2 protein chains.
Amino acid sequence: MRELCLPVGLALDALKELDKVVTKRVCLTKGESLYRVGNAFSSLYAIRLGSCKTTLLSDDGCEQVAGYHMIGDVIGMDGIGNGRHGCDAVVLEDSEFCVLPFDELEDLGRRVAPLQRNLHQFLSREIARNHAVMLQLGSMRAEERLAAFLVNLSQRYSARGYSSTEFVLRMTRAEIGSYLGLKLETVSRLFSGFQRQGVMRVQSRSVTLLDLPALTRLLGQRC
Amino acid sequence: MRELCLPVGLALDALKELDKVVTKRVCLTKGESLYRVGNAFSSLYAIRLGSCKTTLLSDDGCEQVAGYHMIGDVIGMDGIGNGRHGCDAVVLEDSEFCVLPFDELEDLGRRVAPLQRNLHQFLSREIARNHAVMLQLGSMRAEERLAAFLVNLSQRYSARGYSSTEFVLRMTRAEIGSYLGLKLETVSRLFSGFQRQGVMRVQSRSVTLLDLPALTRLLGQRC
DNA sequence: CGCGCCGTTGATATTATTCAAGACCAGTGG
DNA sequence: CCACTGGTCTTGAATAATATCAACGGCGCG
């Protein structure tokens, strides 16, 4: 628990307190849901192992991928506001989660100021993260969106000690497209295009970024 | 302060405590900034009067409108995470803000559980709000986005005791477009189109929604 | 009055979607 | 072992949606 999730730069006693509330684990296999829209909210979840996507359901029943989450990410924060989860969390590979009962987390926050601060930072960063996605969806063209997606993945894998240039996509083209506001064919074409330009290699879900600087340059090009 | 902002359904003593930390006000005139990207974060701000937009700056220096905020909204929450504001807040008309020093808010939260809960709900709702915007940007067509925007404004004005069918847009076509991921010409054309269909009347910034159900229907139509 | 920003509209260009066909791949059962 | 199947992925051609370019009208303000 300690090296991931909430506690970053916390004192030892604060960590011990935190460990006390994190007692439960959940293991799920590919395709299963951790929670669904409308489920009563009671806990946040930290990904200990594996990955998942969160999906939104618009009024008309059409679903959109809202986030791709990997080891160390905390999910479920959108449920605090009205006591119900606002999205589905679907596991993309066999995964394990820490259960963080939110009432106890709040309790703890009241007693341990650094932990409280930490929780607030997590909530805030989730907001900032969404802002970045909004920027992507609102002002980038298809090519730039996919490049941004790849660079983002690269950075997150790198931050977790994995290779920043070689990784396996856990989502289908359709899911990536949904996340980026594109159709699956467009995503496929873009991958092919990037490969043709020599920027990356794609072999179904396996990805090798050959020219990360070039990808990064694509982002800053235009508005 | 009481009727707006944070405190909804709080006990009287909790309210009194809250009043103690909300001592400062800020008044700004059209075009001024409440804060800017990179400014040190110290407070949240509740809009007491007027309205403002928040804008993001992408790496290449292109700006996008990320939110439109009106009386009673609390802004600045994206700055908690790393101690600096992540967007600009620009006032759209002469406006007044309550300053909510965040350290004191956290202090207070540790002492008054309902207030703590309230703060968390606010943060969470901001996340949920962003999700809705992501849905708009990611899976709706231009017409649907503008309809969603208008319906959203209508609901928010209505919730604040103003007319749900007649209001004044505080943003230019370019700003609305930026918010919705469209160009100003597209926004203009859509307004004209809606007017031609008899769904609404537009007279520069003054808007009258003639057929709210029709607008709402536009949202649920397709994916 | 004239200037600058804002808004509208048309013609054209670009971008991404849709529709359609087929390839690939893993898992299944004969 | 191999054919079969369903899901995924790729690619092309036609189409639709939106952006871009350009011109002009209007309004507010100094």
Side-chain angles (χ1 to χ4, degrees), chain A residues 29-31 53 62-65 90 92-94 136-150 168-197 200-208 218 221-223, chain B residues 29-31 53 62-65 90 92-94 136-150 168-197 200-208 218 221-223:
Chain A
T29 65
K30 188 173 172 171
K53 64 173 178 178
C62 153
E63 91 164 24
Q64 179 182 340
V65 175
V90 179
L92 295 168
E93 59 191 312
D94 294 4
Q136 272 189 36
L137 293 173
S139 63
M140 288 184 181
R141 292 174 319 104
E143 196 180 43
E144 300 168 314
R145 289 185 209 176
L146 189 61
F149 175 69
L150 290 168
V168 174
L169 301 169
R170 297 298 176 184
M171 295 201 280
T172 67
R173 303 288 189 264
E175 286 166 332
I176 295 170
S178 169
Y179 181 54
L180 299 175
L182 304 170
K183 295 297 156 189
L184 71 96
E185 294 97 327
T186 307
V187 174
S188 179
R189 274 185 247 274
L190 288 169
F191 273 136
S192 302
F194 283 158
Q195 184 157 237
R196 215 172 305 123
Q197 297 170 235
M200 67 183 298
R201 254 173 37 80
V202 200
Q203 175 80 296
S204 112
R205 309 265 178 108
S206 301
V207 158
T208 310
L218 267 177
Q221 211 73 332
R222 67 185 68 245
C223 279
Chain B
T29 65
K30 188 172 169 172
K53 65 174 177 178
C62 153
E63 91 163 25
Q64 179 182 342
V65 175
V90 179
L92 295 168
E93 60 192 310
D94 294 6
Q136 270 189 39
L137 293 173
S139 64
M140 289 184 181
R141 292 175 317 105
E143 195 181 44
E144 299 167 317
R145 290 185 209 177
L146 188 60
F149 174 70
L150 290 168
V168 174
L169 301 169
R170 297 297 176 185
M171 296 202 280
T172 66
R173 302 289 189 263
E175 287 167 331
I176 295 170
S178 169
Y179 181 54
L180 298 175
L182 303 170
K183 294 297 155 187
L184 70 95
E185 295 96 327
T186 307
V187 174
S188 179
R189 274 185 246 274
L190 287 169
F191 273 135
S192 302
F194 282 158
Q195 185 157 234
R196 215 172 305 121
Q197 295 169 237
M200 67 184 297
R201 255 172 36 83
V202 200
Q203 174 80 295
S204 114
R205 308 268 177 107
S206 301
V207 157
T208 311
L218 267 178
Q221 212 73 331
R222 67 184 69 244
C223 280

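Predicted, not measured: the structure shown is a model, and the values here were computed from it.
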Check residues 189-196 of chain A and write down every donor-acceptor pair under 3.5 Å in which the side-chain atom is one partner and the other belongs to a residue at least two apart or another chain.
{"residue": "S192(A)", "atom": "OG", "partner": "S188(A)", "partner atom": "O", "Å": "3.1"}
{"residue": "Q195(A)", "atom": "OE1", "partner": "V202(A)", "partner atom": "N", "Å": "3.0"}

Atom pairs under 3.5 Å, N or O on each side, protein against nucleotides 3-5 of chain C: can you list them with distances?
none

query = Taking atom C1' of dA17(D) as reference, at what distance in whole Å does atom CG of L180(B) sit?
reply =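 Distance check: L180(B) CG to dA17(D) C1' gives 16 Å.
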inquiry  = Which nucleotide wins on minimum distance to the side chain of T172(A), given the candidates dT15(C), dC9(D), dA19(D)?
reply    =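 Closest of the options to the side chain of T172(A): dC9(D).
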request  = Answer with base, sugar-phosphate or nothing: what part of the nucleic acid does R205(B) contact at a heavy-atom distance below 4.0 Å?
outcome  = sugar-phosphate
ask   = How would you label the contact of G177(A) with the nucleic acid (heavy atoms, under 4.0 Å): base, sugar-phosphate, or nothing?
value =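 Result for G177(A) = nothing.
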query = Which residues satisfy the side chain to side chain donor-acceptor pair (under 3.5 Å) test with R170(B), sequence neighbours excluded?
reply = E93(B)
task = Would you name the heavy atoms of S206(B) and V168(B) that are closest together and state the gap between them?
result = OG-CG2, 4.3 Å
inquiry  = To the nearest 10°, give me the bend of the helix from dC1(C)-dG30(D) to dG30(C)-dC1(D), comparing the axes of its five terminal pairs at either end.
reply    =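 Helix axis angle between the two ends: 30°.
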query = Can you find a pair of side-chain heavy atoms, one from L146(A) and one from T186(A), that are under 4.5 Å apart?
reply = no
Protein-nucleotides 21-27 of chain C N/O pairs under 3.5 Å:
none

Detail all sub-3.5 Å separations between protein N/O atoms and N/O atoms belonging to nucleotides 11-13 of chain D.
{"residue": "dT11(D)", "atom": "OP2", "partner": "S192(A)", "partner atom": "OG", "Å": "2.4"}
{"residue": "dG12(D)", "atom": "N7", "partner": "R189(A)", "partner atom": "NH1", "Å": "2.8"}
{"residue": "dG12(D)", "atom": "O6", "partner": "R189(A)", "partner atom": "NH2", "Å": "3.0"}
{"residue": "dA13(D)", "atom": "N6", "partner": "R189(A)", "partner atom": "NH2", "Å": "3.4"}

